[in-house]
Protein chains: 2
Amino acid sequence: MDMPALQQKFVIHFGEMGARWGMNRTVGQIYAVLFLAEEPLCADEIVAALGVSRSNVSMGLKELQSWQLVRLEHHPGDRRDFFSTPDDLWEIVMTLVEQRKAREVDPTLTVLRELQLSSDFDSTNAHARARIEEATRMIELFSRWYEDMRDVDIEKLERLLKLGSAAQKVLGLKARKNTDKH
Amino acid sequence: MDMPALQQKFVIHFGEMGARWGMNRTVGQIYAVLFLAEEPLCADEIVAALGVSRSNVSMGLKELQSWQLVRLEHHPGDRRDFFSTPDDLWEIVMTLVEQRKAREVDPTLTVLRELQLSSDFDSTNAHARARIEEATRMIELFSRWYEDMRDVDIEKLERLLKLGSAAQKVLGLKARKNTDKH
DNA sequence: TCGTATTTTCAGTAATTTCTGAAACTACTG
DNA sequence: CAGTAGTTTCAGAAATTACTGAAAATACGA
């Protein structure tokens, strides 16, 4: 791996994390290299930086494109593809959240809804039925919240985050009697 | 797999998702079985439900315990271990978020901080340095927000979620001139 | 059109992860 | 203490996933 030691540590860490994030090692490393790079890089520069095969880089870049985590651009008079990550970290975070939601929660919501529509749902035992309904409601609550927040502009979102739990006090939410749940 | 068709679909789906959630198929399926079960189950009941080996179930339960996603209990006059999931879905969601944060973001924050403390950080190229600092700030912002929200009681949190982006309006956040970023 | 630079595909191999069955271990009971 | 019911460990088998190199495809320029 051909790069300064510090950057190398960064890249290796992202490789390890990549696996936990539903990608694989190489994909995580490619992302890390692009993230640190000042300029967009072409595939061969990534090959040189990571010391993996050209085809592996090609597949990794395809995967990152499917996550919409990298941008493809062309330079005049050069037919190579150049890749980069957005400058704006917020954009990166938003994309990551969007993609993970799409991959990890939306399919579950779809299945839960299908189960409830299926003909043998009513004949399922009451407890299982209730749990499926409850899970659906919970996921729908988070989905709606997320879709709502996605449209708030970044500046406001950032200040909302910084406010943290104080928001709850400012909004003056009064404690509701908690005798009406479970 | 020995259970009613509808529950079976649920379990199979959670098996598929389990993989995307950093567990594996069996672990996801075990969780799904416990989630739907009215009563705590012992390992052999899970074996019967899923048709996998006893040792696989043992390892899966260990994994779920390491995630703190299942509870272990004992019945008087019975030396078997019985496992269950919390009744309260909020508790499940909170645990999941807590664990994923611990596994997926905390280690990265640690590494980023280490890099900044390392002796060759100052000699790293300015752009990479800036990106590492920026990433650290972003993760710290989310971490603080999360730790803040974790302490808000569920009732209030639920209402905050239902409020969604309206919260931002209620709080009267004024648009800040966005000339001071990037 | 042919040649060249580049990217993609894909079959096979390597590496990793998951799963199993047998053995070891634990802790209770008679 | 020996026997039994239960759980865990672990070495190897099975399954899956990642990676490579070679070949095929693409796309431009002469």
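The structure presented is a predicted model; accordingly, all values stated were derived computationally and were not measured. Chain identifiers are assigned alphabetically (A, B, ...) following the order of the sequence lines, protein sequences preceding nucleic acid strands; residue numbering begins at 1 within each chain.
- One atom, CZ of A:R20, and another, P of C:dT17, lie 11 Å apart when rounded to the nearest Å.
- As rounded to whole Å, 7 Å separates atom C1' of C:dT6 from atom CZ of A:R79.
- Ionic pairing of A:E104 and B:R100 is present here: one or more N-O contacts between side-chain nitrogen and carboxylate oxygen are shorter than 4.0 angstrom.
- Using a 4.5 Å heavy-atom cutoff, the side chains of A:D153 and A:K156 are in contact.
- Salt-bridge formation is detected for the pair A:E158/A:K162: a Lys NZ or Arg NE/NH1/NH2 atom is positioned less than 4.0 Å from an Asp or Glu carboxylate oxygen.
- Taking the ring centre of B:F35 as origin, the terminal cationic atom of A:R131 falls inside the region bounded by 6.0 Å and 45° from the ring axis.
- Residue A:R80 places at least one side-chain N or O closer than 4.0 Å to OP1 or OP2 of C:dT6.
- Within residues 24-44 of chain B, the residues that have a heavy atom under 4.0 Å from DNA chain C are, in order of number, B:N24, B:R25, B:T26.
- Ion pairing of B:E140 with B:R113 is present here, as a side-chain N (NZ or NE/NH1/NH2) and a carboxylate O approach within less than 4.0 Å.
- Taking 4.5 Å as the limit, some side-chain heavy atom of B:F10 sits within range of a side-chain heavy atom of A:L112.
- Side chains of B:R20 and A:P107 form a contact here, defined as non-hydrogen atoms less than 4.5 Å apart.
- For residues 52-78 of chain B, proximity to DNA chain C is found at B:V52, B:S53, B:S55, B:N56, B:M59, defined as any non-hydrogen atom under 4.0 angstrom from a strand atom.
- Nucleotide D:dT20 holds its C1' atom 17 Å from the CD1 atom of A:I46, rounded to whole Å.
- Residues B:V105 and B:Y146 form no side-chain contact, since every pair of their non-hydrogen atoms from C-beta on lies 4.5 Å or further apart.
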